[in-house]
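Worksheet: one structure, shown below.
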Amino acid sequence: MADDTHDIILIGGGVIGLAVGWSLAQAGRGVAVVERGQLGQGASQAAAGMLAAGIETEPSEEGLLPLTRAAQALWPDFAAKLEAASGHSLHYRTEGSMVIALTRDDREWLQRLARFQGKCGVELEFLTPSQARQREPALTPNLTAALYSRQDHQVENRALAPALAVALRRAGGIIYDHSAAELICDHGRCVGVRRRHSDGSSQDMLAARVILAAGAWSRDLVGLPAAARPPVRPIKGQMLAVQMDAAAPLLRQVVWTQNIYLVPRDDGRLLIGATIEEKGFDPHVTAGGLFGLLEAAWRALPAIEDLPVVESWVGHRPGSPDDAPILGEIQAGLGADGLILATGHHRNGILLTPITAQLIADFVRQGEMADLGQKFSPRRFY
Ligand code: FAD
Ligand code: GLY
């Protein structure tokens, strides 16, 4: 093959593009990832890293559950393999997650949630307020009820993209960062990618397969014909972190309330998230956003009062019309035949990383989407 011809090109160096690339490179395929900025600095950096197939399942999301549970089952092995392949720790933590209620209204909500999730087959344990406080003594004494989900783990999502990049390179993959991809189509077929450098110069790369994994920006790809644009939109999320004493953390497991979640990290940071806002690519952390998060966090865990705020940030989830990912080849006749989509992971992209990598890599190798992935086909939107 000539230097500018590749087997597979992935557009987007977030966790999805890198994980699909790593999976294909391990299978012996020639992989190049094109990232317009720094690897992993999109939603993959902004996330909370919860692998919450159980507790995060809401009414109307039943259809997603087989996929999120399959992802959850893959995570321990995926984390171990990635740590071995990269030499990076992912800080995978298995304490489980709790949902707490603080008022009588909250308790009604929690019971409804438990009934719904129980019907879906999510394994949950009811805790009395005192049992919940035995697990997490710093929680407010005003608890009215609590649920515990043993299987909802967490990972340090900020460690994920760097680890995947090392593993991908070690498996023979190439990464072009700081160059924006544009799609090249010829006679209605997607045939490659133009890498646009910051000085305006460009380089064309041909490929047997192109996979679009550009997160919330997937719709805006230059060169993608209008009819083929995936219906992905940015869903803004604001978060902040306070610093606990890492040797004596206030909280050891993930805790959800009706409005927020609290995620303790190994280094003592406690993440408090997240807003869900339809504000396009608005990059601002706002007073109202932080106020809402802090007030709700303080009600659940009053001792955060004195902790230093060490960081606040905004990320953009790649939302789709049904909040489920878009996985597979777009249909022919839209001007970009052959293009594969791996996008639209919305609130679950960290959780869904290993299953997305598996489904898309198998599709590329075998030409057929596994049953589990079929209902997430792009064809449902075109
Ligand atoms: P991204 O990480 O956004 O990567 C897309 C990449 O494509 C970016 O690096 C971007 O620069 C690049 N790109 C865009 N256009 C181009 C182009 N033309 N050329 C080259 N590169 C391009 N998920 C969970 O599972 N658990 C959680 O706890 C969780 N919490 C979250 C909390 C918040 C506040 C947010 C915002 C998200 C959260 N998510 C969570 C969702 C998760 O972060 C995303 O679903 C996931 O990161 C999507 O990964 P991605 O690789 O598709 O997108
Ligand atoms: N999954 C958590 C979030 O999207 O905020």
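Numbering of residues begins at 1 and proceeds along the displayed sequence. In each ligand, atom 1 is the first atom listed, and ligand 1 is the first ligand listed. In this text the structure is predicted, and so the values were computed from the model without any measurement.
In this structure, A216 does not count as a contact residue of ligand 1, since none of its heavy atoms falls inside 4.0 Å of the ligand. Under the 4.0 angstrom criterion for non-hydrogen atoms, T343 is not in contact with ligand 1. Using a non-hydrogen distance threshold of 4.0 Å, Y261 registers as a contact of ligand 1.
Other residues sharing a hydrophobic cluster with M239 under the 4.5 Å side-chain heavy-atom criterion for ILVMFWY residues are M50, I55, L65, V99, W109, L110, L113, V122, L124, F126, L147, V254, W256, Y261, V263, L271, W313.
Close approach of ligand 1 to H346 (heavy-atom distance below 4.0 Å) involves ligand atoms 41 (C), 42 (C), 44 (C), 45 (O). Atoms of ligand 1 lying under 4.0 Å from at least one heavy atom of V15, given by number and element, are 49 (O), 51 (O). Contact atoms of ligand 1 toward A46: 33 (C), 34 (C) (distance under 4.0 Å to a heavy atom of the residue). Each of the following atoms of ligand 1 lies closer than 4.0 Å to a heavy atom of A43: 1 (P), 2 (O), 3 (O), 43 (O), 44 (C), 47 (O). Residue G14 has at least one heavy-atom neighbour below 4.0 Å for each of these atoms of ligand 1: 2 (O), 4 (O), 6 (C), 51 (O). Close approach of ligand 1 to N348 is summarised as follows: ligand atoms under 4.0 Å from at least one heavy atom of the residue are 23 (N), 24 (C), 25 (O). Here is the list of ligand 1 atoms found below 4.0 Å of a heavy atom in L351: 24 (C), 25 (O). Near L221, meaning under 4.0 Å from one of its heavy atoms, ligand 1 places the atoms 18 (N).
Between G17 and ligand 1, not a single N/O pair is under 3.5 Å apart. The shortest N/O to N/O separation between W217 and ligand 1 does not fall below 3.5 Å. Among the atoms of A180, none of the N or O lies under 3.5 angstrom from an N or O of ligand 1. An N or O contact shorter than 3.5 Å links E35 to ligand 1 by distance. Ligand 1 has a nitrogen or oxygen under 3.5 angstrom from a nitrogen or oxygen of S44. For ligand 1, one of its N or O atoms has an N or O atom of M50 under 3.5 Å away. Where the criterion is an N or O separation shorter than 3.5 Å, residue side chain and backbone included, G315 fails it with respect to ligand 1. At under 3.5 Å, not a single nitrogen or oxygen of L352, backbone or side chain, sits near a nitrogen or oxygen of ligand 1. Between A181 and ligand 1, a contact under 3.5 Å exists for at least one N or O pair. Ligand 1 has no N or O atom lying under 3.5 Å from any N or O atom of P318, backbone or side chain.
Among all protein heavy atoms, the one lying closest to atom 24 (C) of ligand 1 is R347 O, 3.2 Å. In this structure, atom 35 (C) of ligand 1 lies nearest to the protein heavy atom R317 CG, 3.6 Å. The single protein non-hydrogen atom nearest to atom 50 (P) of ligand 1 is I16 CG1, 3.7 Å, given as residue, atom name and distance. At the top of the distance list for atom 34 (C) of ligand 1, counting protein heavy atoms only, stands M239 SD, 3.6 Å. In terms of protein heavy-atom proximity, atom 46 (C) of ligand 1 is closest to G349 CA, 3.7 Å.
A salt bridge does not link R150 to E123: none of the charged side-chain nitrogens sits closer than 4.0 Å to a carboxylate oxygen. For the pair R189 and D186, the salt-bridge criterion is not met [side-chain N within less than 4.0 Å of a carboxylate O]. Using a cutoff of 4.0 Å between basic side-chain nitrogens and carboxylate oxygens, D267 and R269 are scored as salt-bridged. Using a 4.0 Å cut-off between charged side-chain N and carboxylate O, D323 and R347 make no salt bridge. E278 and R233 are joined by a salt bridge, as a carboxylate oxygen and a charged side-chain nitrogen come within less than 4.0 angstrom of each other. Between R299 and E295, at least one side-chain N (NZ, or NE/NH1/NH2) sits under 4.0 Å from a carboxylate O, which counts as a salt bridge.
Side chain to side chain, H197 and D199 fail the donor-acceptor criterion of an N or O pair below 3.5 Å. Side-chain contact, Q238 with E277: a donor N or O sits under 3.5 Å from an acceptor N or O.
Side-chain atoms of T57 and F116, non-hydrogen and from C-beta on, do get closer than 4.5 Å to each other.
Note on I304 and V255: same hydrophobic cluster, where clusters join Ile, Leu, Val, Met, Phe, Trp and Tyr whose side-chain heavy atoms are under 4.5 Å apart, directly or indirectly.
No donor-acceptor pair under 3.5 Å is formed between the side chain of E136 and the backbone N or O of A138. Using a distance-only test at 3.5 Å, with no hydrogens or angles considered, no donor-acceptor pair links the side chain of H91 to the main chain of N157.
Enclosure of atom CD in E311 by more than 12 non-hydrogen atoms of other residues, nucleotides or ligands within 6.0 angstrom is indicated.
Closest to atom 20 (C) of ligand 1 by heavy atom, among E182, R36, Q238, R195, is R36.
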Short N or O separations between ligand 2 and the protein, below 3.5 Å:
unit_1, atom_1, unit_2, atom_2, d
ligand 2, 1 (N), E56, OE1, 3.3
ligand 2, 1 (N), E56, OE2, 2.7
ligand 2, 1 (N), R347, O, 2.8
ligand 2, 4 (O), R317, NE, 2.8
ligand 2, 4 (O), R317, NH2, 3.4
ligand 2, 4 (O), R347, NE, 3.1
ligand 2, 5 (O), Y261, OH, 2.6
ligand 2, 5 (O), R317, NH2, 2.8
ligand 2, 5 (O), R347, NH2, 3.1

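When the side chain to side chain donor-acceptor pair (under 3.5 Å) test is applied to S44, no partner is found at least two apart in sequence or on another chain.
Ring geometry for Y176 against H6 counts as perpendicular: the plane angle is over 60°, on a 0 to 90° scale with 30° as the lower cut.
Residue pairs satisfying the ring pair (Phe, Tyr, Trp, His ring centres under 6.0 Å) criterion with at least one member in residues 130-160, sequence neighbours excluded, are listed as follows: Y92-H153.
Here Q45 has no heavy atoms under 4.0 Å from ligand 1, in either its backbone or its side chain.
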